[in-house]
Engineer: 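A single structure is presented below for examination.
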Amino acid sequence: MKPWEAYFRKVEPYVAGEQPKLSNMIKLNTNENPYPPAPQVIQAIRGMNMERLKLYPDPACEELITAIADTYEVSKEQIFVGVGSDDVLGMAFLTFFNSSKPVLFPDITYSFYDVWTELFCIPYKRPALDQNYHIQKEDYYEENGGVVIANPNAPTSIYEDLNFIRDILEHNQDVVVIVDEAYIDFGGTSAIELVKEYENLLVVQTYSKSRSLAGMRIGYAIGHPSLIQAMQDVKYSYNSYTMNQTSIVAGVASMQAKEYFEECRNKIIDTREWTKRELGKLGFSFPDSMTNFLFVTHESVPAKELFEALRKVNIFVRYFNKPRLDNHLRISIGTMEEMKRLIEFLSGYIEI
Ligand SMILES: *Cc1c(COP(=O)(O)O)cnc(C)c1O
């Protein structure tokens, strides 16, 4: 070991799903949208004044924030934007979780949360989901330094209604409660409507799933202006120009393309419901997903075996080699065509 290595920060990084570089594959492993971004987004990027790239982008992202504020009917002071919701969530952890009491989030949830708490040296505790993979709200009644709930949760796909979120807020009035709504557009009701009642609620959303813009890296948080101000202060103490000009342009155009957004999300919901019926016939079971993915297990064939068999035919799904998850697959909803090919393969494989 080199002497300076003693001073390195040692962390166990988040492991993202594979991004294989194959031309002929069915990619159902990272919950991306199978449809292209709105034509308006592509047009807006093409129409950009490239000369402008010599200048720094607007650090306040005024245009983007205005487009988001118009969409959700909130004020601009209630919005924070970042480089994907990962950036927004990381910034929120850094800003709000400075108590000596533990931050609470489920044992099975988005696996970046414990990576950030470790990185930022935030104490945390992970109450277990119940047998049916539901969050038990009573676990969040104890004293804590903050609460993080992904709703719908990942990788379980389970959505809890707003009464559930309200109950968690009622029991946690002295800390910031973050609700990560990466998948809310696929059927749930957003907690944004609770922001006016609860000054300590921060709702986080992303362009990566429902808006087909994972490659652009845009996420945002909506909350009381005092929360947003505190996050801005931290951001401007670290890196002012996080959002690049192209992302700002794409983000504005995407928010304005409302019809296209509705059309894509409805197609994904219909395809999801079809896939559920077909998987059910093949002996799979799964919670009633309100996301763009299914969390499935099979009555006789182990998940790991299915994962490997699918991989051999270039169908990529996600497998987690972790306790309570290791007999499940997380399958993103692709196009109808892609899901038909998945079902076709599985019916052949499972019969053998
Ligand atoms: C995908 C995802 C995110 C992060 O998405 P970004 O691409 O960084 O916006 C955050 N939380 C959950 C639960 C997710 O599934």
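Both counts, for ligands and for their atoms, begin at 1 and track the order of listing.
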Engineer: Give the numbers and elements of all ligand 1 atoms closer than 4.0 Å to a heavy atom of G84.
Structural biologist: 8 (O), 9 (O)
Engineer: Which pair of heavy atoms, one from M216 and one from S247, lies closest together, and at what distance?
Structural biologist: O-OG, 2.8 Å
Engineer: Within a strict 4.5 Å, meaning less than it, do heavy atoms of the F186 and F293 side chains meet?
Structural biologist: no
Engineer: For F295 together with Y133, are the ring centres under 6.0 Å from each other?
Structural biologist: yes
Engineer: Name the closest protein heavy atom to atom 15 (O) of ligand 1, giving the residue it belongs to and the distance to 0.1 Å.
Structural biologist: Y183 OH, 2.6 Å
Engineer: Regarding atom 6 (P) of ligand 1: of the candidates G82, A154, S85, G17, which has the closest heavy atom?
Structural biologist: S85
Engineer: Can you pull out the closest protein heavy atom to atom 7 (O) of ligand 1? Residue, atom name and distance to 0.1 Å, please.
Structural biologist: S208 OG, 2.6 Å
Engineer: Counting non-hydrogen protein atoms only, what is the nearest one to atom 1 (C) of ligand 1? Give residue, atom name and distance.
Structural biologist: K209 NZ, 1.3 Å
Engineer: Please list the nearest protein heavy atom to atom 11 (N) of ligand 1 with its residue and the distance rounded to 0.1 Å.
Structural biologist: D180 OD2, 2.6 Å
Engineer: Could you tabulate the donor-acceptor pairs under 3.5 Å formed by side-chain atoms of residues 39-48, not counting sequence neighbours?
Structural biologist:
none

Engineer: Salt bridge (Lys or Arg N to Asp or Glu O under 4.0 Å): which pairs involve residues 132-144, sequence neighbours left out?
Structural biologist: K101-E143, K125-E142
Engineer: Counting from 1, what ligand 1 atoms have a heavy atom of R217 closer than 4.0 Å?
Structural biologist: 6 (P), 7 (O), 8 (O)
Engineer: Kindly indicate, with the supporting measurements, whether the criterion salt bridge (charged side-chain N to carboxylate O under 4.0 Å, His left out) is fulfilled by E18 and R318.
Structural biologist: CA-CA 9 Å; E18 269 184 282; R318 191 88 194 255; over 6 Å; no
